[in-house]
Peer 1: 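Have a look at this one before I ask anything.
Per chain, numbering begins at 1; letters A, B, ... match sequence-line order. Keep in mind that the numbers below use all heavy atoms, side chains included, and drop hydrogens, waters and symmetry copies.
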Amino acid sequence: METVIKTHELTKRYGDFIAANAISLEVYKGEIFGFLGANGAGKTTAMRMLCGLSTPSSGSAEIAGYDIYRQTEQVKKNIGYMSQKFSLYEDLTVMENIRFFGGIYGLGSKDIRLKGQALIKQLGLESEEKKLVGSLPLGWKQKLAFSVAILHSPKIVFLDEPTGGVDPLTRRQFWDLIYEAADRGITIFVTTHYMDEAEYCGRLSIMVDGNVKALDTPSALKEQYHATSMDDVFYELARGAKRSE
Amino acid sequence: MMEAIVLDHITKTYGKEKIPAVNDVSLTVKSGELFGLIGPDGAGKTSIFRMLTTLLLPDKGSASVNGHDIVRDYRQIRNTVGYMPGKFSLYQDLSVEENLKFFATVFGTTVEKNYDLIREIYVQIEPFRKRRAGKLSGGMKQKLALCCALIHQPEVLFLDEPTTGVDPVSRKEFWEMLQRIKKKNITIMVSTPYMDEASQCDRIALIQHGNILSVETPSAVIRAYPQQLYAIRSEDIYKLMKSLRSNPLVDSCHSFGEYLHITLSEQGMRAEAALLAGLAAEGHGNVVLKEIIPGIEDCFIRLLKN
């Protein structure tokens, strides 16, 4: 099995405060990996290091085969990123967003044109191509944001609470997209506060106070903690947390 | 008084938008009730809160809070309600205790006089009373905002998405706090996008695109589910989902954690047997099918599709 994320004792300190403490994990190609934790557990800090946006204090990590200290630019070219808070520009049109993000991810203009048109066709957005993204229904925006994040065929896509506040139907349609992308071999690294979504992951980790406290498949974790749902597992692990956001 | 909040055919449309943010909404909240507005982003929850707290005028319809009209009697309403907006709205550069004192003074009261009401919540942030509100953690900000909304002993408390983006453990704690506040005879209207929180409310309104889909007790919403619901899984859930969605025996199919929730086009044992036989023939291994009681989220999805 090909490993696309590999970290060894990855640590980030801010002064005396250890935001992320000696995180070691491996994520495989095509896997849906859930990255869970309470508010303030250190998820965002860890994710920023994995995306090449923040330099670790110690430890090592390779993302898509690139070192996160020396090769941050290659790391960024080989990943996609999407969050609920920041995904697309509402006052740019559908096509303008595709051009903008395609450019950011380093695609050439011809490539952007071809891939952009294919994408619009695939999503059935032909008549919306020149409309502002802000005027699209939320479900469409999400689909578009996700598709744009994987437009450059990255090895890994990082999804930071991609479904927060979204209605239950749209939330499930979004997970259909995630399954499809994983099926095509794109690795999914996703955070969520919805515990039913944790069950959709192949494996997941739960962070508490900067440490990865548990890492396994949902069913193995439930067995280990004698729990009937991931909600119970999470509660068992996170209620002892000392710090919050 | 029996009715704490009344909305009577309230409509609100913003600017040149064609679709109203709140569309002809009527509902009644009883005094002392814990009432939930359950719906996703953009459903119109915040607009309803802002009209009821007299911060926004409706285009059509009327509404009252504790018998006070939201347009005519806005001063009385402002004195008797507490409002915790979705966005953190305290003074970031005042300390915890300064914020609390400020809100008490604005309402012509003192922290000491109503301390009993907030004690259980305030003791958790008291160690940080000298810290600026802007420097607090998310969970502590939320607790301080709740204290500030309660310090004048309001009759009605409005909480707009107090648990959005909050982890499951803190969410549970927050609802425990609300149950204790309710015991002090304060009417609470709270909104949330998390369907699993609905069961904590006495009654809930399911809302989408400005329209009320249903106003009921959580158990009545569940009882109204018209079909038998099943949970099903197999060793390859993605393959199973694709197969079920194109199966004419299956009426609906949605993922729910490790299971898929499905309804069948026909009811009864025979339909179940036919489904299982078909799946076995397609080569799905370890198929588990069981009858289940729907949750609020199942009900919401069904209402969305109608």
Peer 1: Heavy-atom count check: over 12 atoms from other residues, nucleotides or ligands less than 6.0 Å from Glu223(A) CD?
Peer 2: no

Peer 1: Sort Gln208(B) into side chain, backbone, both or neither according to what part of it lies under 4.5 angstrom from a heavy atom of chain A.
Peer 2: side chain

Peer 1: Any heavy-atom pair between the side chains of Arg171(A) and Ile301(B) that's under 4.5 Å?
Peer 2: no

Peer 1: Pick whichever of Thr192(A), Asp231(A), Asp176(A), Thr170(A) has the most heavy-atom pairs under 4.5 Å with chain B.
Peer 2: Asp176(A)

Peer 1: With a sphere of 6.0 Å drawn around CZ of Arg203(A), does it hold more than 12 non-hydrogen atoms of other residues, nucleotides or ligands?
Peer 2: yes

Peer 1: Heavy atoms only, distances under 4.5 angstrom: which of Leu304(B), Val169(B), Thr164(B) has the most pairs with chain A? Name it, please.
Peer 2: Val169(B)

Peer 1: Which bit of Lys222(A) is near chain B, if near means a heavy-atom gap under 4.5 Å: side chain, backbone, both or neither?
Peer 2: side chain

Peer 1: Just give me the residue among Pro40(B), Ala43(B), Gly257(B), Pro193(B) that pairs up with chain A most often, heavy atom to heavy atom, under 4.5 Å.
Peer 2: Gly257(B)

Peer 1: To the closest 0.5 Å, what do you measure between CD (Glu258(B)) and SG (Cys201(A))?
Peer 2: 13.0 Å

Peer 1: In terms of heavy-atom proximity below 4.5 Å to chain A, should Lys172(B) be classed as side chain, backbone, both, or neither?
Peer 2: side chain

Peer 1: Keeping the roles fixed (side chain from Asp167(B), backbone from Asn39(A)), state whether a donor-acceptor pair exists under 3.5 Å.
Peer 2: yes

Peer 1: With a 4.5 angstrom heavy-atom cut-off, could you sort out which part of Phe256(B) is near chain A: side chain, backbone, both or neither?
Peer 2: both

Peer 1: May I ask you to decide if the ring planes of Tyr194(A) and Tyr194(B) are parallel, tilted or perpendicular, using 30° and 60° as cut-offs?
Peer 2: tilted

Peer 1: Using heavy-atom distances under 4.5 Å, tell me whether Arg245(B) contacts chain A through its side chain, its backbone, both, or neither.
Peer 2: side chain

Peer 1: Would you compute the distance between atom CD of Glu173(B) and atom CZ of Arg239(A) and round it to the nearest 0.5 angstrom?
Peer 2: 11.0 Å

Peer 1: Taking all non-hydrogen atoms of both residues, which atom of Lys305(B) and which atom of Leu169(A) are closest, and how far apart?
Peer 2: CG-CD2, 3.8 Å

Peer 1: Count the heavy atoms belonging to other residues, nucleotides or ligands that lie under 6.0 Å from OH of Tyr14(B), then report whether that count exceeds 12.
Peer 2: yes

Peer 1: Measure Pro168(A) against the heavy atoms of chain B and call it side chain, backbone, both or neither at under 4.5 Å.
Peer 2: both

Peer 1: Quick check against the 3.5 Å criterion: does Arg172(A) have a side-chain atom that pairs as donor or acceptor with the backbone of Ser255(B)?
Peer 2: yes

Peer 1: Name the region of Glu180(A), side chain, backbone, both or neither, that has any atom closer than 4.5 Å to a heavy atom of chain B.
Peer 2: both

Peer 1: Is it true that, when you exclude Lys239(B) itself, more than 12 heavy atoms of the residues, nucleotides or ligands shown sit nearer than 6.0 Å to its NZ?
Peer 2: yes

